[in-house]
Amino acid sequence: MSEERSLNFIEEIVEEDLASGKNNGRVLTRFPPEPNGYLHIGHAKSICLNFGLAKKYNGQTNLRFDDTNPVKEDVEYVDSIKEDVKWLGFEWAQELYASDYFDKLYDFAVALISKGLAYVDDSTAEEIAAQKGTPTEPGTPNQYRSRSVEENLQLFADMKAGKYPDGAKVLRAKLDLAAPNMHLRDPLMYRIKHAHHHRTGDAWCIYPMYDFAHGQSDAIEQITHSICTLEFVPHRPLYEWFIEQLEVFPSKQYEFARLNMNYTVMSKRKLLQLVTDGFVDGWDDPRMPTISGLRRRGYTPASIREFCERIGVAKRENMIDVGLLEFCIREDLNKTAWRRMAVLDPVKLIIDNYPEGQTDVFSGENNPEAEDGDGSREFPFGRELWIERDDFMENPTKKYFRLGIGLMVRLKNAYIIKGESIVKDEEGNITEIHATYIPESKSGNDTSGINVKGTIHWVSVEHAKTAEVRLYDRLFQVEDPSNEDGDFKDYINPNSLQALSNVFIEPDLANATPCKPVQFMRKGYFVLDKNSTPDKLVFNRTVTLKDGWVKK
RNA sequence: UGCCUGAUAGUAUAAUGGUAGUACGACGGUUUUUGGUACCGUUUGUCUAGGUUCGAAUCCUGGUCGGGCAACCA
C-alpha cells in the first residue's frame, strides 16, 4: 500500500538523486533541534520526514543539536528531545552537537577572513540594522568594512580571546550591502557572548550565528539532504555561498511547509509562555501539542506517525484540522484498547425486582475488534447500580433510545431493564431511578425475545472503585490564536480542563497500568496519568469516541 | 510600491500536456448488546483574464490573493 502512495516532492528529489547516482546513492539526513524548548507535533512532522526518508531509502539520520546560543539552551531540553525522538520510534545514527564543531567553525571563519570575505565590525546592533537599509533601499558600508585582512585576523583572535565585552564587535561576511535579499547584506557570522554553554562551558565567548553554523555542520557531516521549513528559503543563497567559498561538502537545502494545527499554537516561544505563566501544568500538560503532552494525554507513537503520514509534505501554507489527529488515535486505540466500564456522571439506579443482597457476575470481552475478544474480564452486578446521568431522560424525545419511564434499555453484558419511577431532591435533581429487570434477558442467554435499541454501561454500587477523571478540551477558543488581535493568551479556553473527582469504575480497572490505554465504553479512550497512584487513580481522557448521535 | 515563495472540494494531498483522484469532515443507509467499529452510498474543487496546443490543474503573459524576509534568534 505504501508503494501505491504517490511521492511527496522531497521523495521525488531523493529518487532523482538516487537515479542520477548523486552521492553514490548515499542518503544522510539530520534532525537539527535547538535545545531551547520541548518538541511539539510540528517537530514530529519533521522527525517523521527526516527519519522516514532515510529509512525508506536505506540511509541514516543524525540527531544534531543546534546549540549555538548558550543563553537560551539547556540540558533539560536536550534530554527531553532525545526521549521524544526515541519514543516516536526512531533511531539516530549519531548524536551530534553544533558545539562539537566550534573549533572547526572558527577555522572556517579565519579562512573567510583570509580570503577577504569577512570583517570585524565595531558597530552597535542598532547601527548595523540602520546600515542594512530596507528592502527597498540598499545598505551603506561603514569604515570597518575596509579593514585589512591582518587587522581582521587580529581582531577576531582578540574577540575569541575575550578582550571585548558582549556586543562590542561582530564578525560579518563581506557580501553585498545592496542585495535585494536582506540576508545577503553582510550577515553576521559571530557575536560575543560571555555566557556559559551547556556543553562547552566557558571555553568560548564568541558563538557562531545560525547561518554560519548550520550549513557548515551539514557539510562536516556530509548531509546529503538538509530539510528545513519555508522560512529558511531566503537563507538558501547564503547557505550555498558559504559552502562554495569554504569549498566544503555541498549539502543541499530543501524547504517544506511547517505544520499548523487549529485551536493550538505551534511555536516554542508561545508554548514556553504557557508554561512559565502557569496556564498549563508544564511542557507535558496533556493539553499541550508537545510530544510529551500528547504522550501524557494517551497518544501513541504509531498514531502520531500515521498522522504525519496523512498530512503530507508540500510547500504551501496549511492549517490541519485537529480532528485528523483525533481520527488517527481513535483508529489506533480502537484496535488495541481494552474495554471497561466507568460512570463519569453517576446517578443511582435501583432495580426493584432484583433481590437485595444478591450478586451476579457477568463477563465482557476485552476488545470486540480482536478475533477472540482478546480475552475477557468479570464484573459484579447487584440491585443498586451507577449509571450515567444522561442515559436517563425524564421527557424523552422520539429519537432517544436509552432509559426513560416506561422505556427499556440493555445494561451492557447484563439484563434488559425498564424504567419505572424516579426520586428527586428538593431542588428537583434526580437522586434515584427505579427500574425492573427482565430475568429472561440475561446476556448471552436471552430468551425474552425483546429487542431494545439502546445499551448503556453501568457499575455496581457495592463493588465500584472510585477514580479521578480529567477531561480535556481544546486549549484555545479560536482556530488560529496567533492570528487574532491582541495577545494569543487572550483566547485560551477557560474550560480546557474538567476534573471529575468522583467517578465510579469497574473493579478490574484497579489493575490499570500506565501506558496501557483503555476505552471507557461509550465515553472515550483514557490512560492513567503519570501522577496516578493505586490509592488515588487518575485517568486522562485521550479523546472521546466519535459521537454519531445528534441531539434534537 | 524591493526580493523570495505559494494558490486543486470545508481541510489536507495526488494527477509531472491526455477521464481531476484519495483521505479526513459533512450528509444518508446497512450491521451492531458501545448512538463506537465495520461496510455501502451522496456531496463539494483546478484563484482570475488572456495566450500556446488537437488537448492545459500542468506550459507562457498579465493580474488577484496568501505566506516569508530588514533579530548580535534558530
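First the proteins, then the strands, lettered A, B, ... as listed; each starts at 1. The structure presented is a predicted model; accordingly, all values stated were derived computationally and were not measured.
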Undergrad: Please give the distance between the P atoms of rU32(B) and rU48(B) as a whole number of Å.
TA: 48 Å

Undergrad: For the NZ atom on K169(A), are there more than 12 heavy atoms of other groups (residues, nucleotides or ligands in this structure) within a distance under 6.0 Å?
TA: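 Yes, enclosed.
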
Undergrad: Check the distance between rA23(B)'s C1' and L325(A)'s CG and give it to me in whole angstrom.
TA: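 Going from CG in L325(A) over to C1' in rA23(B) covers 15 Å.
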
Undergrad: For F9(A), give me all partners under ring-ring contact (aromatic ring centres under 6.0 Å, His included), at least two apart in sequence or on another chain.
TA: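 Residues passing ring-ring contact (aromatic ring centres under 6.0 Å, His included) with F9(A): none at all.
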
Undergrad: How many whole angstroms separate atom CD of E137(A) from atom P of rU1(B)?
TA: 10 Å

Undergrad: Report the residues that fulfil side-chain hydrogen bond (donor to acceptor under 3.5 Å, both in side chains) with E15(A), sequence neighbours left out, ordered by chain and then residue number.
TA: Y57(A)

Undergrad: Test of understanding: with salt bridge (Lys or Arg N to Asp or Glu O under 4.0 Å), list the residues that count as partners of R377(A), not counting sequence neighbours.
TA: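 Expected list: E506(A).
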
Undergrad: In whole Å, what separates the P atom of rU37(B) from that of rG28(B)?
TA: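 Comparing P positions in rU37(B) and rG28(B) gives a spacing of 15 Å.
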
Undergrad: Just by protein heavy atoms under 4.0 Å, how would nucleotides 28-37 of chain B read 5' to 3' in B, S and -?
TA: -----BBBBS

Undergrad: Would you sort out whether E231(A) and R258(A) count as a salt bridge (Lys or Arg N to Asp or Glu O under 4.0 Å), showing the intermediate values?
TA: CA-CA 9 Å; E231(A) 67 267 29; R258(A) 64 163 2 114; 3.1 Å; yes

Undergrad: Could you write out RNA chain B as a dot-bracket string, with dots for unpaired bases, | for bases paired across to another strand, and Watson-Crick or G-U pairs counted at under 3.5 Å?
TA: .((((((..((((....[..)))).(((((.......)))))....(((((..]....))))))))))).....

Undergrad: Just checking, any donor-acceptor pair under 3.5 angstrom between side chains of Y101(A) and E221(A)?
TA: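 Side-chain D/A pair, Y101(A) to E221(A): present.
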
Undergrad: When the P atoms of rC65(B) and rC47(B) are considered, how many whole Å apart are they?
TA: 16 Å

Undergrad: Mind running a 4.0 Å heavy-atom check of residues 254-272 of chain A against RNA chain B and sending the residues that fall below it, in number order?
TA: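 Contacts with RNA chain B under 4.0 Å: none.
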
Undergrad: E11(A) CD to rA14(B) C1': how many Å, rounded?
TA: 13 Å

Undergrad: Do K72(A) and E34(A) meet the salt-bridge criterion of a basic N to acidic O distance under 4.0 Å?
TA: no

Undergrad: Distance between the P atoms of rG67(B) and rU8(B), in whole angstroms?
TA: 14 Å

Undergrad: Using a 4.0 Å cut-off on protein heavy atoms (strictly under), produce a 5'-to-3' string for nucleotides 67-74 of chain B with B for base contact, S for backbone-only sugar-phosphate contact, and - for none.
TA: SSSBSBSB

Undergrad: Return the set of residues passing side-chain hydrogen bond (donor to acceptor under 3.5 Å, both in side chains) with K132(A) (not counting sequence neighbours), or none when no residue passes.
TA: none

Undergrad: Would you mind reading off the distance between F9(A) atom CZ and rA15(B) atom C1', rounded to a whole angstrom?
TA: 17 Å

Undergrad: In whole Å, measure the gap between the P atoms of rG41(B) and rG17(B) for me.
TA: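 Straight-line distance between the two P atoms is 32 Å.
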
Undergrad: Could you pull out all residues at least two apart from L272(A) that satisfy side-chain contact (heavy atoms from CB on, under 4.5 Å)?
TA: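 Expected list: Y77(A), T276(A), W283(A).
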
Undergrad: Looking at R145(A) and D186(A), does any basic side-chain N land under 4.0 Å from a carboxylate oxygen?
TA: yes

Undergrad: Between P on rA23(B) and CD on E331(A), what's the gap in Å once rounded to a whole number?
TA: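 These atoms are roughly 12 Å apart.
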
Undergrad: Under the side-chain contact (heavy atoms from CB on, under 4.5 Å) rule, collect the residues that match up with D202(A), sequence neighbours excluded.
TA: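 Partners of D202(A) under the side-chain contact (heavy atoms from CB on, under 4.5 Å) test: H196(A).
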
Undergrad: Please identify each residue that fulfils ring-ring contact (aromatic ring centres under 6.0 Å, His included) with Y299(A), with sequence neighbours left out.
TA: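 Expected list: none.
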
Undergrad: Between D121(A) and R147(A), is there a side-chain N and carboxylate O pair less than 4.0 Å apart?
TA: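 Judged by the 4.0 Å cut-off on N to carboxylate O distance, D121(A) and R147(A) do not form a salt bridge.
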
Undergrad: Work out how far the C1' atom of rG45(B) is from that of rA26(B), and round it to whole angstrom.
TA: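 The answer is 16 Å between these two C1' atoms.
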
Undergrad: Sticking with atom C1', work out how far rU11(B) lies from rU1(B), rounded to a whole angstrom.
TA: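 One C1' to the other, the span is 34 Å.
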
Undergrad: Report the distance from atom CG of D321(A) to atom P of rU13(B), rounded to the nearest whole Å.
TA: 13 Å

Undergrad: Can you check the distance between rA57(B) and rA49(B), where both ends of the measurement are the P atom (answer in whole Å)?
TA: 13 Å

Undergrad: Tell me whether R541(A) is salt-bridged to D473(A), with the criterion being a basic N under 4.0 Å from an acidic carboxylate O.
TA: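 Answer for the salt bridge query: no.
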
Undergrad: So, using side-chain hydrogen bond (donor to acceptor under 3.5 Å, both in side chains) as the criterion, who are the partners of Y207(A) when residues are at least two apart?
TA: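 Expected list: none.
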
Undergrad: For I10(A) and rU13(B), give me the distance from atom CD1 to atom C1', rounded to whole Å.
TA: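 Result: 14 Å.
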
Undergrad: Can you check the E326(A) CD to rA12(B) C1' distance for me, whole Å?
TA: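 Going from CD in E326(A) over to C1' in rA12(B) covers 16 Å.
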
